[in-house]
Amino acid sequence: MKKQIFSEIKDKIEHLVKARRLREAFSTTRSLAESIMNFEASDAVARAEETYRHMLRYAASGAEDPGRSEMSEQLGEVLLSTTDTLERANLMIDEPSLYNNVARFENTRPGESIASLIEEYASLTGKGSMFDFITGSKRRDEYIESLRRRENLETRLFNKAWVTHPLSAADAESLEKVFSESIFPEHFAILLTWAVTLGSLVYYDTRRLELLMSARTATSPRLQSASLIGLLLALNKGRGRYMPPRLRHRLEALKETSSWETDAEMAYKELTRTRDTDRITAKIRDEVVPEMMKLRPEISRRFSGELPVDPEDMEENPEWHELLEKSGISDKLREMSEIQEEGGDVMMGTFSHLKSFPFFHEVANWFLPFHTDRTELADQSNADLQPLADIISAMPMLCDSDKYSMMLSLTAAPAPQRALIMQQLNAQADQFNELRSAMLNTDMSDRRDLLRKQVQNLFRFFRLFRRKGEFPNPFAQAINLSGIPGLESLNSPSLVQVICEFYFSHGYYEEGLALAAGLGNLSEGVTDPKSPQSMLIQRMGYANMKLGNYRKALEYFEMTLLVQPDNLWVLKNTARCHMQTGNYKKAMEYFRQATALPGCGEDPVLTLSCAYCQLQSEQYDAAVKSYFKAEYLGANPKKVLRQLSWALLMNGDSAQSRRYLEKAMEKTGHIPNDYLNLGHIHLIQGNFKEALDSYRMNISARKEKEALTISQAVEGFISDIAEDTPALSRLGIQPDLLPLLTDSLLYSIE
């Protein structure tokens, strides 16, 4: 069956199950199974439907059944799971995606189960295995071959754990041993955790959830971090799917552990931060790097032969400092430093260009924790890389994926350059250790850092893998973990408000509003101006305003003004929303309330806003007075002079209007609209020739400054004349005169 048709039927089944219309869902699922000739699935649906019929007969008799709701959910899950199985079987026929290619390959090796492959891997970790090799005690080729065998097995197991669906009880039991038994290396257990996670993002599988819960109870902090991120994403992906009682009980037990709540909150925040990674990367690429490149000629000129090698010496050079400050780069670098301190991923752009090595063509390698027991380092030509790899391994600012990028790029570097890099990295490692030793609560910092690095590894895969479009990307939309059964602690108002604040402060208004909508009624907290609820309501008003939802924004702003009538910021934005809806009289009321506050009566911006509202409300005399006041208070000439000129013209003072228009043209330069208004002034004064000359200049200026064709410029002029006709008519210009003047003008410029 065609993929699109199947997808539509699957969506219908999911809708029916969600709506509890199980009779229709059974019929649709059974028809789907029969259409692709999967009679095993058809029989399974028939058996489940018979159970449903028995339940219906029992319910129709009026008998009490406390397990009825649970049974309905179980039967709905049978339908959804069957649909997943049918979809997978349908895609396995000829779908060329990587997932299906790997799954088809694994199907050709039925004798190699997850259990047998793990047993084979375990044999390599015992006594006399490659982990006990000392480089000089055995032949190097035997050592490298042992490493290669282990790495190949790791990849095979990753792929098998990723694409096997559903996991059998034996599969799950074998994988759980990897998470619980110390014989297996930590990096291997983490790798399989991500394989389980990646599979759960394709198809829902309760055994995968149970495995991630098991891995969370391991002793390794890194494994705990990886499994927590995986569990949160799997629960988010499976939102609305049935979770059996044993799994619910296990999740409840997991939540009773000491570090669950703090770790889950930190993980949620780190997942949220990924929303800003693309912006940070673009900022570095489009702003910081180009500005630094612009400085190269100046650096060469001013510091030729004197440019110090040590970056610290460069910072101490006052001329260098002055150059950076004047260029604005210092501000951008400080901003990047602040972003990094807040947890922003500033390394994404730096290492994105180093993901083209063949190493990264393998899905498993994106999730492999960095460790130095690799074939890349066993080659004798790279023997000097081992100490460097140890340094990189301890670097806190890089995630595993970026560490591999650095190591792989250094394999091609000359030995002298490696030595220089090693010296620099050693110095940075020493500085970090000194800083870390002076920090308090390093355990919490370490746990946050582990979670952050796991998220960064995952994010890089979904953003940079060469076939990323074939994978269901959990970061395609903002991750909202509120409302998921079992994760109630992540729905606490305090945490949601923190995450909303992140979204709002970084300009992700839709995401912030979607999350805040789950908080319910916030009006109770408005009474305290400093309460988080009060600030959140103001943020929600501002977010709606930025999105153009002005009426919704007014609801939030006016909610605040009921108890904070003197909030200047809210008053101004309330007025602006009314302006956007065309209610200038209402806007003027709020601007007046704002100007009445202490210290605001002489604010030129507020005065200018009042003048504009009066102008739009056709209160021309009041508008002229307000514009004069704004000019006196030092308002920006670009914003006051032209508006004042128009207000004077509408108030009947064409001579004064012309003086202020010419003053605006002199002080701020000419714009096409100036010639249009000047033409209006001449027309009102009876200077028809001068009016036509000004209109002609308007068309010419439009053509030149706006890069228009002559016909486009003419159309723009005619449109503006039509728009201004009512105002000119009020000033005594006959409406039927304007088309005549326009045609006369157009004849003259043919």
Original post:
Using 30° and 60° as the class limits, which term best fits the ring planes of H371 and Y404: parallel, tilted or perpendicular?
Top reply: perpendicular

Whether the side chain of [X] engages the backbone of [Y] through a donor-acceptor N/O pair (distance < 3.5 Å, no angle test) should be reported.
| X | Y | result |
| --- | --- | --- |
| S482 | N491 | no |
| Y204 | Y242 | yes |
| D400 | F370 | yes |

Just so I know, are the side chains of [X] and [Y] near enough to count as touching, which here means a heavy-atom distance under 4.5 Å?
| X | Y | result |
| --- | --- | --- |
| L157 | L175 | no |
| Q454 | L451 | no |
| E87 | M92 | no |

Original post:
Can the ring centroids of F461 and F367 be said to lie less than 6.0 angstrom from one another?
Top reply: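 Judged by ring-centre distance (under 6.0 Å), F461 and F367 do meet the cut-off.
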
**OP:** Show the numbers, then the answer: is there a salt bridge (charged side-chain N to carboxylate O under 4.0 Å, His left out) between D263 and R448?
**Re:** CA-CA 8 Å; D263 282 4; R448 182 182 294 108; over 6 Å; no

**OP:** Let me see the working for F475 and F459 under ring pair (Phe, Tyr, Trp, His ring centres under 6.0 Å), right down to the final yes or no.
**Re:** CA-CA 7 Å; F475 303 106; F459 187 83; 5.2 Å; yes

If you take all heavy atoms of [X] and [Y], which pair is closest and at what distance?
| X | Y | answer |
| --- | --- | --- |
| D402 | F351 | OD1-CB, 3.3 Å |
| R149 | L124 | NH1-CD2, 3.5 Å |
| V163 | A103 | CG2-CA, 3.9 Å |

Original post:
Regarding S393 and K403, is there a side-chain donor-to-acceptor distance under 3.5 Å anywhere?
Top reply: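 Side chains of S393 and K403: no pair found under 3.5 Å.
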
**OP:** Establish, from distance only, whether the side-chain atoms of T281 and R463 form a donor-acceptor pair under 3.5 Å.
**Re:**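 Judged by distance alone, the side chains do not pair up.
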
**OP:** Evaluate the criterion side-chain contact (heavy atoms from CB on, under 4.5 Å) for residue pair Y508 and D276; output intermediate values, then yes/no.
**Re:** CA-CA 9 Å; Y508 305 117; D276 203 37; 2.5 Å; yes

**OP:** Tell me, please, which residues at least two apart from E186 pass salt bridge (Lys or Arg N to Asp or Glu O under 4.0 Å).
**Re:**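 In terms of salt bridge (Lys or Arg N to Asp or Glu O under 4.0 Å), with neighbours along the sequence ignored, E186 is linked to R222.
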
Looking at [X] and [Y], does any basic side-chain N land under 4.0 Å from a carboxylate oxygen?
| X | Y | result |
| --- | --- | --- |
| R150 | E154 | yes |
| D345 | R460 | yes |
| D84 | R88 | no |
| E70 | R248 | yes |
| R207 | E210 | no |
| E151 | R148 | no |
| K160 | D171 | no |

**OP:** Applying ring pair (Phe, Tyr, Trp, His ring centres under 6.0 Å) between F188 and each of F179, W194, Y121, report the one that passes.
**Re:** Y121

Original post:
Only one of W162, F105, F471 forms a ring pair (Phe, Tyr, Trp, His ring centres under 6.0 Å) with Y99, so which one is it?
Top reply: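 It is W162, the one option of W162, F105, F471 that forms the ring pair (Phe, Tyr, Trp, His ring centres under 6.0 Å) with Y99.
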
Subject >> Partner residues of R467 under the side-chain contact (heavy atoms from CB on, under 4.5 Å) criterion, sequence neighbours left out >> reply: L98, N101, F465, E470

Subject >> Geometric cation-pi criterion R539 and F504, 6.0 Å radius, 45° cone >> reply: no

Subject >> salt bridge (charged side-chain N to carboxylate O under 4.0 Å, His left out) contacts touching residues 361-371 (sequence neighbours left out) >> reply: none

